[in-house]
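For the single chain, residues carry numbers from 1 onward in sequence order. Just follow the structure's listing: the first ligand is 1, and inside any ligand the first atom is 1.
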Amino acid sequence: MCGIIGYTGEGEALPVLVEGIRLLSYRGYDSAGVAVERDGALVVEKDKGRIEDLAPSWDRTRLAGRTGIGHTRWATHGRPSRVNAHPQSDAAGDVVVVHNGVLDNDIALREELAAAGVGFVSETDTEVFAHLFARTFRGDPVATARGVLARCHGRFALLFLHRRLPGTLVAVRRGSPLLVGLGRGECLVASDVRALAGRADRVLELEEDEIAVVTPAGATVHAADGRRVTREPKALRYDEASLGRGGFPHWTLKEIHEQPERLADLVAARIDPVHGRVRLDELALSDADLASLDRVDLVGSGTASYAAMFGARAIEALAGLPARMVPGSEYDALPETLGPRRLVVAVSQSGETADTHAAVEAAKAAGARTVGVLNARASRIARSVEGFVDIHAGPEIGVASTKVYTSMLLSLLLLAVRIAEARGRRGALMPLRPGLDALPDAVRRAVAGAPAVKDVAREVHRAQNMLYLGRGPDHATAVEGALKMKEISYIHAEGYAAGEMKHGPIALVSWDVPTVAVMGHGEHRTRMLSNVREVKARDGLVIAVAAEDDADSPKVSDLLVQVPTLHPWIAPIVHVVPLQLLAYEVAKRRGCDIDQPRNLAKSVTVQ
Ligand code: AGP
């Protein structure tokens with residue numbers, strides 16, 4: 001995923017572009033660049049690296065101008081480099097373009113253009129758009145954009161400047177979000193509302209195959225057939241607090257600390273206190289639909305797939321309905337006919353993950369019902385599914401998911417209860433209510449347990465490898481905890497179902513391979529105690545995450561992080577918090593870039 005920003009107005013474009021790139025850099029940050037238009041000339045600065053390192057060296061005199069575009073990149077076609085950074089341009093320098101998404105037919109178009117004498121300088125698909133726009137341009141920006149759209153397949157958002165269109169931005173949306181921000185005497189275009197903060201007071205979201213021609217006075221929007229589209233812009237309100245880090249050193253830490261409030265909001269939004277039922281008003285499936293299901297497939301990627309793993313177990317246990325997690329990237333290869341008795345639940349923070357979206361499309365093609373458990377309403381997965389469960393986690397800027405994961409778990413647990421109720425298990429919510437009411441405070445106490453986690457971080461931060469073990473609903477906790485450690489500290493960490501450890505991975509156990517054991521409850525805890533002893537018998541260092549009522553785990557582990565005791569189906573939501581904090585503290589000791597880890601992006605919009 002990449003970030004696009006454009007500005008045209010009465011002020012200097014460069015500072016707006018640099019700030020916009022900074023606000024969008026969570027989307028991708030391996031390279032950045034700007035182009036400014038002045039007196040019919042287009043001036044470009046771009047390079048590999050992060051905006052905060054690049055911008056100070058950019059020449060403000062050379063980049064003076066009141067119209068410009070900017071970009072922050074997560075490389076898909078072509079490695080991170082100056083030549084592959086955006087903006088991309090045509091050979092004559094008449095056009096510059098920035099792009100988010102993928103041009104599916106870039107090879108065929110490259111060959112066609114090369115045969116016509118066009119010389120390419122980059123490895124990107126984006127450069128094709130610049131050449132097409134330049135060769136199609138006869139003066140009319142809408143006709144030109146339509147001509148480009150007609151030749152291109154894929155999902156992309158584009159923003160063009162042409163030196164013969166002074167003061168004008170040409171925006172095109174096909175599949176990837178693009179917003180037009182309207183201000184006073186200035187207008188912006190951006191991939192995400194965050195980059196409009198403080199400048200635009202109204203916003204127009206472009207729809208599929210729409211073209212916007214944007215000048216300081218305003219914007220005209222056109223459909224793919226060229227017809228003018230009139231649509232009222234919406235008032236743009238943004239919560240300053242959610243746009244700032246609120247004094248925290250990293251977004252990731254801020255978002256870990258936000259979890260109690262986010263979970264409290266979710267409990268309040270999702271439980272009808274009068275009728276004691278789960279409220280999922282946008283689910284789109286009736287009780288009869290839910291009662292007729294024969295299986296639920298939960299699809300997701302990365303952290304979302306681990307939340308889906310937990311959700312599958314909860315649906316099986318609480319609703320008595322077969323359920324499984326399938327990684328989004330594997331789902332469309334399944335040789336199965338589905339049908340309306342199969343429910344496919346897409347779990348996604350961004351709603352833009354290509355693997356998960358492909359799974360939804362495959363499920364719909366096979367006749368299944370579809371629901372999204374998502375953190376983004378205006379997303380392509382949200383538009384693709386029938387039913388919608390908003391996880392209400394708010395914008396998550398840290399590339400490694402934290403608050404979104406716990407909000408996904410709670411949302412999926414409540415979905416499991418809703419399915420159980422619809423299938424005749426009317427009292428399904430009752431035993432969970434006390435734990436749900438106690439959950440926000442329990443997470444608050446787990447976050448406050450950071451000092452004990454810092455002690456653990458001091459012991460393990462030099463490790464090169466780690467094992468994470470969990471059972472039952474905490475298998476997901478183990479694999480998610482391991483992913484956090486991988487993502488932000490770059491330690492090779494593997495999460496396993498604890499019972500599996502003795503069937504091979506135990507060969508890895510040694511003092512310098514710390515094992516994190518999520519002790520769980522009841523029978524799971526009893527067996528975890530055996531697994532911990534198997535690790536200790538081989539001189540393994542064990543860090544136990546254990547409930548306060550667990551008197552045995554402290555006796556068998558080397559290091560201990562205690563968490564409040566909760567209902568076994570709610571406990572995994574609090575068990576993951578020390579693992580999030582551990583990854584954070586270790587990464588800090590290792591000097592890693594916590595909010596924007598190397599090679600990652602907030603959402604992967606390519607398959
Ligand atoms: C999580 O820490 C990672 N950033 C990554 O695994 C992420 O969960 C995955 O790419 C799915 O993203 P989504 O939830 O936006 O679909």
In the protein, which heavy atom is nearest to atom 8 (O) of ligand 1, and how far is it? Thr303 N, 3.2 Å

Give the ring-plane orientation class for His250 versus Tyr584, where under 30° counts as parallel, over 60° as perpendicular and anything between as tilted. perpendicular

So, do Leu374 and Phe388 sit near enough that their side-chain heavy atoms are less than 4.5 Å apart? yes

N-O pairing of Glu258 and Lys403 below 4.0 Å: yes

For atom 10 (O) of ligand 1, what's the nearest protein heavy-atom neighbour? Residue, atom name and distance, please. Val604 CG2, 4.4 Å

Atom 11 (C) of ligand 1 - nearest protein heavy atom and its distance: Ser301 O, 3.3 Å

For residues Glu361 and Ser384, is any side-chain donor paired with an opposing acceptor at under 3.5 Å? yes

Which ligand 1 atoms are under 4.0 Å away from a heavy-atom of Ser401? 1 (C), 2 (O)

Name the one of Glu207, Glu208, Glu210 that satisfies side chain to side chain donor-acceptor pair (under 3.5 Å) with Arg173? Glu208

Could you list the atoms of ligand 1 found under 4.0 angstrom from a heavy atom of Ala400? 2 (O)

Evaluate Val399 for polar contact with ligand 1, using N/O atom pairs at a separation under 3.5 Å. yes

Under 3.5 Å between any N/O of Thr356 and any N/O of ligand 1: does that happen in this structure? no

Modelled atom types, side-chain donor and acceptor of Glu352 and Ser379, under 3.5 Å: no

Looking at Trp251, is Arg194 sitting on its ring face, NZ or CZ under 6.0 Å from the six-membered ring centre and within 45 degrees of the normal? yes

Aromatic Tyr490 / basic Arg590 pairing, under 6.0 angstrom, 45° off normal: no

Atoms of ligand 1 close to Gly302 [distance to a heavy atom under 4.0 angstrom, numbered from 1]: 6 (O)

In this structure, atom 14 (O) of ligand 1 is nearest to the protein heavy atom Gln349 N, 2.7 Å

By number and element, which atoms of ligand 1 are closer than 4.0 Å to a non-hydrogen atom of Ser348? 13 (P), 14 (O), 15 (O), 16 (O)

Can you pull out the closest protein heavy atom to atom 2 (O) of ligand 1? Residue, atom name and distance to 0.1 Å, please. Glu487 OE1, 2.6 Å

Looking only at heavy atoms, is any part of Lys484 under 4.0 Å from ligand 1, and if so is it the side chain, the backbone, or both, or is it neither? side chain

Is it true that Lys364 and Glu386 make a salt bridge, defined as a side-chain N closer than 4.0 Å to a carboxylate O? no

For atom 16 (O) of ligand 1, closest protein heavy-atom neighbour: Thr353 OG1, 2.5 Å

Counting from 1 in the order shown, the ligand 1 atoms closer than 4.0 Å to a non-hydrogen atom of Ala304 are 8 (O), 14 (O)

